[in-house]
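Protein chains get the first letters and strands the later ones, always in sequence-line order, with residue 1 at the start of each.
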Amino acid sequence: MKTPEDTRRNCPMNLFADIRALVVTSLEGMVQAGVLAEGLSFDNVTVEPPRDASHGDMATNAAMVLAKPSKMKPRDIADALAAALLNDPRIEAADVAGPGFLNLRLSKSLWQGVVKSALVDAQFGQSNLGGGKKINVEYVSANPTGPLHVGHTRGAVFGDALASLLAYAGYDVTREYYINDGGGQVDVLARSVYLRYLEAHGQQVAFEDGTYPGDYLIEVGIALKDKVGDAYVDQPEEVWLAELRLFATDAMMAMIRDDLAALGVSMDVFFSEKSLYGTGRIEDAIEDLRSKGLIYTGTLEPPKGKLPEDWEPREQTLFKSTDYGDDVDRPVQKSDGAWTYFAPDIAYHYDKITRGFDGLIDVLGADHGGYVKRMKAAVSALSDTQVALDIKLCQLVKLMKNGEPFKMSKRAGTFVTLADVVEMVGPDVTRFVMLTRKNDAPLDFDIDKVTEQSKDNPVWYVQYASARVHQVMRKAAEAGIAVDDATLAGADLSLLDHAAEIAMAQKLAEWPRLVEVAARTHEPHRVAFYLYDLASEMHSLYNRGNDDHSLRFIQDDAAVSQAKIALIRAVCVVISHGLGILGVTPATEMR
RNA sequence: GGUCCUUUAGCUCAGCUGGAUAGAGCGCUGCCCUCCGAAGGCAGAGGCCAGAGGUUCGAAUCCUCUAAGGACCGCCA
């Protein structure tokens, strides 16, 4: 059990949460005083920044939400609530407006306090939303048959940023990669490597259909030659296939790890599909479903509209996924008794559940959309609906160069790899740009535009804001003004009283709230958009110093300068936190 | 035939899980450097939130239907 003090320590300043708590307390007081009826739910009461700054600093919908259940007029509730709130020193004004909004104006010292929190509290913005719950984020999970391509890159960045975001919001996060090393495509890979192996021995080989012709296997063939010499030359498949499956997938996974490392992604767990076969683990998972009466033998209807040419009704072992919201039941065993791909997937998720995760997230490409319902159904069934599975689908990335589609690759020939992209634009740009679109929206990635140095380019724009702060601090230091962390943390922030400066602080105050919303919705792109807004506010404030010199950060008076620099330093700190979640290194200068 | 996703300014997209007069960038028009980096900023023009119903104090947001575009749909993973 946590003490209130622990909670406070784990929950750095979130002004919106604080004020919402105050509103709820006031409402409870109104219930005690008999103004409001008992038994009302305050769950839908929100405290939000108003759309229009002229409406005040924060707005609550309490009166409108409670009007119907309490059978009162919104206006009456709002008036009573306003009177109660005004008893708190933090509330300077509370006005009823519109259909029943209560607009609040908060004391300036509160906003100044946010600046201080951002500077002195390294955990500013972190949240205990997750409460230490264990959550598993599975992403990338590309077949170990070749290098990662652009599509994987988006999944990798999205999954990694989501994992960081959830950790920031107080979850115990595991980053996981599922290696599809159990299926037939690994045989194809092994045979392809064998061809490269023969080639390394000077033989002429032909890559027929059903083999992987990519150059990236050449070195694997050579490595195999170095390892086994000519032991496998002119030998039948039985001799080398099993060995080569291992050798080839190991080589591919080493390459994939390198690709991920170049992007700054590192996994906690690599889970092998193969480890599920021959160990009874698939059988255990299916048996669990069977014990719940969800496995039966039957024949599926052919899909309507598009009848496959070689369709014939076959009896299969089916999972009754329709009990958990799927459209049709799904086969787990083929008519010849072999497992379908779905069976090991069920076993894999069963394994995650037994590892004690409270929540599971799968990050997949949009082409896996048809798979979502059945997997959710399986997880619901296996966990008795105790574990929620969220599946995030990432839409396609259209790689462009100067407005034209870009498809060439040096390494793979047919598709552009993750390594190609990172080499061309760097990991920071790659990561940020991949998060400038919602995951389920298609993304154009133009390798010219994303390296452009203009506000057209969000990465650059955010980095520029950060660099400007550092530049100002360097200038201030040259002018003999102390701007070290300790000095700024102790600055007299009451000197920040211009509306533009308070507005800047208010933007900072949104950060903890944004983290919670982004974490709750599993949408890391919100962080990227917030950072853009924050940078925009920063640039605007900077430029206002051109017209109004009292807004310039460096002033004759050292104390005033330190207060102003504390403000922009706080902006810089929050940018660092945000970029940290996205996995991007903040800039201290532009070159 | 079915499932899922998308549809918001000329273009590319946000929109805080139902809130007030729907926002940003690009493009267009006009301004702002003797001054912390103008690689910026300010202002203006530009909207039937695909369409039609419904739910309620209130809808771009939730429900139903329709239209357009994309992904997927037993014996591949």
Exercise. So do the side chains of A:Val45 and A:Arg20 get within less than 4.5 Å of each other, counting heavy atoms only?
Worked result: yes
Problem set entry | Phosphate OP1/OP2 of B:G74: any A:Ser335 side-chain N/O under 4.0 Å | no
Exercise. Just to confirm, is there a sub-4.0 Å distance from OP1 or OP2 of B:C72 to any side-chain nitrogen or oxygen of A:Lys373?
Worked result: no
Exercise. A:Arg374 has an atom CZ; how far is it from atom P of B:G2, in whole Å?
Worked result: 18 Å
Exercise. Rounding to the closest angstrom, what is the interatomic distance between B:C65 and B:U55 at atom C1'?
Worked result: 15 Å
Problem set entry | Atom-to-atom span, CG of A:Leu443 to P of B:G25 - whole angstrom | 20 Å
Exercise. Do the charged groups of A:Asp448 and A:Lys401 touch, with an N to O distance under 4.0 Å?
Worked result: yes
Exercise. A:Asp547 has a side chain; which of B:G74, B:A20, B:C32 sits nearest to it?
Worked result: B:C32
For this session: Please work out whether the ring planes of A:Tyr371 and A:Tyr341 are parallel, tilted or perpendicular, with thresholds of 30° and 60°.
Result: parallel
Exercise. Is the aromatic ring centre of A:His539 closer than 5.5 Å to the centre of the six-membered base ring of B:G40, with the two planes inclined by less than 30°?
Worked result: no
Exercise. What is the distance from CG of A:Leu531 to C1' of B:A14, rounded to the nearest Å?
Worked result: 14 Å
Problem set entry | Near-strand residues of residues 393-400 of chain A, defined as heavy-atom separation under 4.0 angstrom from RNA chain B | none
Exercise. Considering only heavy atoms from C-beta outward, does the side chain of A:Arg431 approach that of A:Met434 to under 4.5 Å?
Worked result: no
Exercise. Tell me: CD of A:Gln185 to P of B:A77, nearest whole Å?
Worked result: 7 Å
For this session: Would you indicate which nucleotide in B:U17, B:A20, B:C75 comes nearest to any side-chain atom of A:Gln316?
Result: B:C75
Exercise. Does A:Glu138 come within less than 4.0 Å of A:Lys352, counting only side-chain N to carboxylate O?
Worked result: yes
Exercise. With no hydrogens and no angle check, do the side chains of A:Ser127 and A:Glu516 hold a donor and an acceptor under 3.5 Å apart?
Worked result: yes
Exercise. Do A:Asn103 side-chain and B:A20 base share a donor-acceptor contact under 3.5 Å?
Worked result: yes
Exercise. For atom C1', what is the distance between B:C75 and B:C62, given to the nearest Å?
Worked result: 41 Å
Exercise. Stacking here means centres under 5.5 Å and planes under 30°; does A:Phe101 stack on B:A20?
Worked result: yes
Exercise. Can you tell which of B:G19, B:C36, B:G41 lies closest to the side chain of A:Asn543?
Worked result: B:G41
For this session: Would you tell me if any nitrogen or oxygen in the side chain of A:His549 comes within less than 4.0 Å of OP1 or OP2 on B:U34?
Result: no
Exercise. Heavy atoms, side chains only, cut-off 4.5 Å: are A:Leu36 and A:Met72 in contact?
Worked result: yes
Exercise. When we call it a touch if two heavy atoms are under 4.0 Å apart, what does A:Val517 touch: a base, just sugar-phosphate, or nothing?
Worked result: sugar-phosphate
For this session: Would you mind classifying the nucleic acid contact of A:Tyr530 as base, sugar-phosphate or nothing, using non-hydrogen atoms under 4.0 angstrom?
Result: nothing
For this session: Output yes when at least one side-chain N/O atom of A:Tyr461 is less than 4.0 Å from OP1 or OP2 of B:G41, else no.
Result: yes
For this session: Specify the separation, in whole Å, of atom NE2 of A:His525 and atom P of B:U17.
Result: 13 Å
Exercise. Taking atom types as they are modelled, is there a donor-acceptor pair under 3.5 Å from the base of B:C75 to the side chain of A:Arg314?
Worked result: yes
Exercise. With respect to the side chain of A:Glu273, which nucleotide from B:G19, B:A77, B:G40 is positioned closest?
Worked result: B:A77
Problem set entry | Residue-phosphate contact under 4.0 Å: A:Arg468 side-chain N/O, B:A38 OP1/OP2 | yes
Exercise. Are A:Arg544 and B:G40 close enough that a side-chain N or O sits under 4.0 Å from OP1 or OP2?
Worked result: no
Exercise. Quick one: A:Leu551 CG to B:C35 C1', roughly how many Å, whole number?
Worked result: 14 Å
Exercise. Can you tell me how far C1' of B:C76 sits from CG of A:Asp345, to the nearest Å?
Worked result: 12 Å
For this session: Check whether any side-chain heavy atom of A:Arg552 lies under 4.5 Å from a side-chain heavy atom of A:Ile554, and answer yes or no.
Result: no
